[in-house]
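Chain naming here is simple, since letters A, B, ... match the order of the sequence lines and numbering starts at 1 in each. As a basis for the values below, the full set of heavy atoms in this structure was taken, side chains included, without hydrogen atoms, waters or symmetry mates. This structure is a prediction, so every number in the text was calculated from the model and none was measured.
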Amino acid sequence: MAENAPADVKTLSFEHAIEELESIVKRLEDGKVALEESVAIYERGEALKRRCEELLRRAEARVEKITTDASGQVTGTEPLDV
Amino acid sequence: MPANPAQLLANSPEYTVSELSSALKRTVEDTYGHVRVRGEISGFRGPHASGHCYFALKDESAKIEAVIWKGVHGRMRFKPQEGLEVIATGKLTTYPGSSKYQIVIEAIEPAGIGALMALMEERKKKLAAEGLFDEARKQLLPWLPEVIGVVTSPTGAVIRDILHRLEDRFPRRVLVWPVRVQGEGSAEQIAAAIDGFNALPDGGHIPRPDLLIVARGGGSLEDLWSFNEEIVVRAAAGSMIPLISAVGHETDVTLIDFAADQRAPTPTAAAEMAVPVRSDLVVEVSSLAARALVAWKRGHDDRRTELRSAARALPGASELLAIPRQKVDSAAAALPRALRASTNVHHRRFTRISGGLTLRVLRSQVAHAKQSVAATSARLSHCTQVGLRHRRDRFAGLAVRLRTSRFANAQAQRDRITRDDERTQRLFERARRALVTLLQQHETRMTHSAKLLAAVSYRGVLARGFVLVRDDAGRALRSAAAVGSGARLTLEFADGQVNATSDVNRTAATSSSPGSSPKSQPRPASSRRATKPADQGNLF
């Protein structure tokens, strides 16, 4: 289903994705959507759900420390252990 | 020295000024090599171009000069400020050259909380007046940041608290910018870290954070002082990345809290503000997905039910077609019978009509037509004669009318000519009379003019007895001088001409003529006088 959905789902932020998913659920629950459209938006809702789940899955902690040179310019990062 | 009795009397050692000064210097510097002195900063000047600061410390009744060397000032946590009550630590030194002493300050700290609070309050007012704390400047925090930048000490409980709470709620990528959070240089480092995060390019090697947390654990007002420094407050206010301040405990307030987009009471609270709870979101997403599925399925079921009931109401196709089909069948069956019947009818009609069609009928019709032609032709010739006669009568009538009207017309023309002739006669008579009258008028005018002409003519003068003298060329002579001796003259009288020769005796003529000589005729008179003196009496 994800292949059929508009490509921009892949770039949506979690916030936007879940907002749109909520609005799709509301419309479906109202039951006033035409059959063909209901299929289309259900598919999009499915894609949005996947996007949300993907973003939630990507919740991995990665902690780094900024390193700077003598003049205070950023040179890079290194892992930080606490 | 012992030679001087006065000095013996004084019984005390004698110093040179230099000796005394250096003795004093030693005494002062040894005794006060490390002192703490409390006083108010007064006459603060600095840092100078050299980097040193000069001012005085004073209380109600005394004053001591003070100096802070450049290197010391750079390291100071609290920068000296005019009017601030401080406790200064340092040593006294003297100037032997001018009998002065001063304190060289190594460290300085505000004298008590009150002084510090007053300083903070004053700074807050100033920065608020600049609008740095305006609500309108506050940015909204991102709901779910991808990368979080933390400005704090890399060691200690604060960063651990933050990371733990993030881990619990929603693990994220965290960039820590290590800084000193108290002591000398800390304010500059914190400000540089905030600016540094802001300066990271989007999509660069190091990701630019969506959110900043500036954090420090609890401590005394002095410990937290770096977060009241103007440089830090300005960096926080100027940050384009939304910023949460989490400095000290809940009760601690620093100026960065006013400039931040959100103030967290503790570092842990800052982490809570930064991210939502992941598990909640997971539940929310799956519940939304489940609701979507249910709603969608229900929609399908409803439609299916509708379809079924509609299908039941729909009559069968054979049922719909039965009646039309029956009609077609019966019509098809009737068709050949009807055709035959129709052919029979037409045949009978043809037979009936063709029976009447014979040669005799045709002949009688021709004879009838012939009779009709003859009758019509007789009527035609009669009509032609009648019509001709009628036209002839009409022509005769018209010819009579024409003759009569021509005669009348000629008579009318004759009468008109006669009238015009009479009128011409009358006009001719009037013209003749007018011409005669006009000629008479002209004649009268001419006679009158002739009389006038005769009256003004020289001949009139001649008639009165004057003479016109001409020379032999016929020119009128106007003066005696023009008459030469023996000249041939012609004398013209009214009644004729006489030729004469002049015999000039000019003296008599000239003496008598000038006064009485008119313009033309008198002159010849004078000349005539010469030849015919007898006429002179008649002349005048």
Side-chain angles (χ1 to χ4, degrees), chain A residues 1 12-68 71-82, chain B residues 142-144 146-151 154-157 159-164 166-167 169-179 188-189 192-193 195-197 199-200 204-207 275-276 278-279 281-282 284-300 302-303:
Chain A
M1 272 193 224
L12 278 182
S13 71
F14 184 87
E15 192 174 1
H16 283 126
I18 199 163
E19 245 173 44
E20 199 183 335
L21 180 56
E22 274 171 354
S23 81
I24 283 175
V25 170
K26 271 208 188 71
R27 290 184 62 195
L28 284 174
E29 286 178 341
D30 283 351
K32 286 175 187 162
V33 188
L35 177 67
E36 203 170 323
E37 199 190 352
S38 82
V39 173
I41 68 172
Y42 178 76
E43 281 178 356
R44 185 161 171 84
E46 194 70 2
L48 290 165
K49 183 197 123 186
R50 278 159 200 271
R51 171 68 181 165
C52 288
E53 283 173 349
E54 180 198 347
L55 288 170
L56 291 173
R57 214 175 20 250
R58 279 209 326 228
E60 50 170 355
R62 187 170 156 198
V63 182
E64 288 153 303
K65 187 173 80 175
I66 297 275
T67 54
T68 56
S71 61
Q73 292 298 305
V74 179
T75 53
T77 58
E78 59 186 32
L80 176 76
D81 289 323
V82 285
Chain B
W143 195 60
L144 180 60
E146 282 289 313
V147 180
I148 300 170
V150 181
V151 177
T155 58
I159 186 65
R160 270 203 301 276
D161 287 350
I162 291 174
L163 292 176
H164 284 161
L166 286 178
E167 187 70 33
R169 290 171 69 87
F170 205 130
R172 295 278 77 180
R173 186 166 182 190
V174 175
L175 290 174
V176 179
W177 195 302
V179 292
E188 286 78 4
Q189 284 187 11
D195 292 341
F197 270 136
L200 287 175
H205 172 58
I206 302 169
V275 291
R278 179 175 170 272
S279 53
L281 296 180
V282 171
E284 194 181 338
V285 168
S286 38
S287 101
L288 280 173
R291 274 167 63 191
L293 185 62
V294 167
W296 185 63
K297 274 186 177 158
R298 199 184 59 220
H300 273 255
D302 290 352
R303 283 189 173 88

Quiz prompt | Partner residues of B:F170 under the ring-ring contact (aromatic ring centres under 6.0 Å, His included) criterion, sequence neighbours left out | solution = none
Quiz prompt | Engaged part of A:V39 at the chain B interface, taking heavy atoms whose separation is under 4.5 Å | solution = both
Quiz item: Can you tell me how far the NZ atom of A:K65 sits from the CD1 atom of B:I159, to the nearest 0.5 Å?
Solution: 11.0 Å
Practice problem: Can you tell which part of B:I206 gets under 4.5 Å to a heavy atom of chain A, answering side chain, backbone, both or neither? | Solution: side chain
Exercise. Side chain from CB out, backbone as N, CA, C, O: work out which of these in B:E146 comes under 4.5 Å of a heavy atom of chain A, or both, or neither.
Key: side chain
Quiz item: What part of B:A192 gets closer than 4.5 Å to chain A, counting heavy atoms only: side chain, backbone, both or neither?
Solution: neither
Exercise. Pick whichever of B:V275, B:L144, B:L200, B:L293 has the most heavy-atom pairs under 4.5 Å with chain A.
Key: B:L293
Quiz prompt | Under 4.5 Å from any heavy atom of chain B - which part of A:T68 | solution = side chain
Quiz item: Within a strict 4.5 Å, meaning less than it, do heavy atoms of the A:E22 and B:L288 side chains meet?
Solution: yes
Quiz item: If you round to the nearest 0.5 Å, how far is OG of A:S38 from NE2 of B:H300?
Solution: 4.5 Å
Quiz item: Which answer fits A:L35, side chain, backbone, both or neither, if we ask what part of it has an atom under 4.5 Å from a heavy atom of chain B?
Solution: both
Practice problem: Using a strict cut-off of less than 4.0 Å between a Lys/Arg side-chain nitrogen and an Asp/Glu carboxylate oxygen, indicate whether A:E64 and B:R173 qualify as a salt bridge. | Solution: yes
Quiz item: Would you say A:E78 has more than 12 foreign heavy atoms packed within less than 6.0 Å of its CD?
Solution: yes
Practice problem: Below 4.5 Å from any heavy atom of chain A, which atoms of B:I148 appear? Answer side chain, backbone, both or neither. | Solution: neither
Self-check item: Top of A:I18, A:V74, A:L56 for chain B proximity - count of heavy-atom pairs under 4.5 angstrom
Solution: A:L56
Quiz item: A:E29 and salt bridge (charged side-chain N to carboxylate O under 4.0 Å, His left out): which partner among B:K297, B:R291, B:R298?
Solution: B:R291
Practice problem: Locate the shortest heavy-atom distance separating A:V33 from B:R303; write the atom from each residue and the value. | Solution: O-NH2, 2.5 Å
Exercise. Measure the spacing between CH2 of B:W143 and NE2 of A:H16 and express it to the nearest 0.5 Å.
Key: 11.0 Å
Self-check item: Interatomic distance, A:L55 atom CG to B:L281 atom CG [nearest 0.5 angstrom]
Solution: 10.0 Å
Quiz item: Among B:E284, B:E167, B:Q189, which residue forms the greatest number of heavy-atom pairs with chain A at distances under 4.5 Å?
Solution: B:E284
Quiz item: Is B:W296 close to A:I24 at the side-chain level, that is, under 4.5 Å between some pair of heavy atoms?
Solution: no
Practice problem: Working to the nearest 0.5 Å, report the span between CD1 of A:I66 and CZ of B:F197. | Solution: 4.5 Å
Quiz prompt | Residue selection (most heavy-atom pairs with chain A, distance under 4.5 Å) from B:V147, B:V176, B:L166 | solution = B:V176
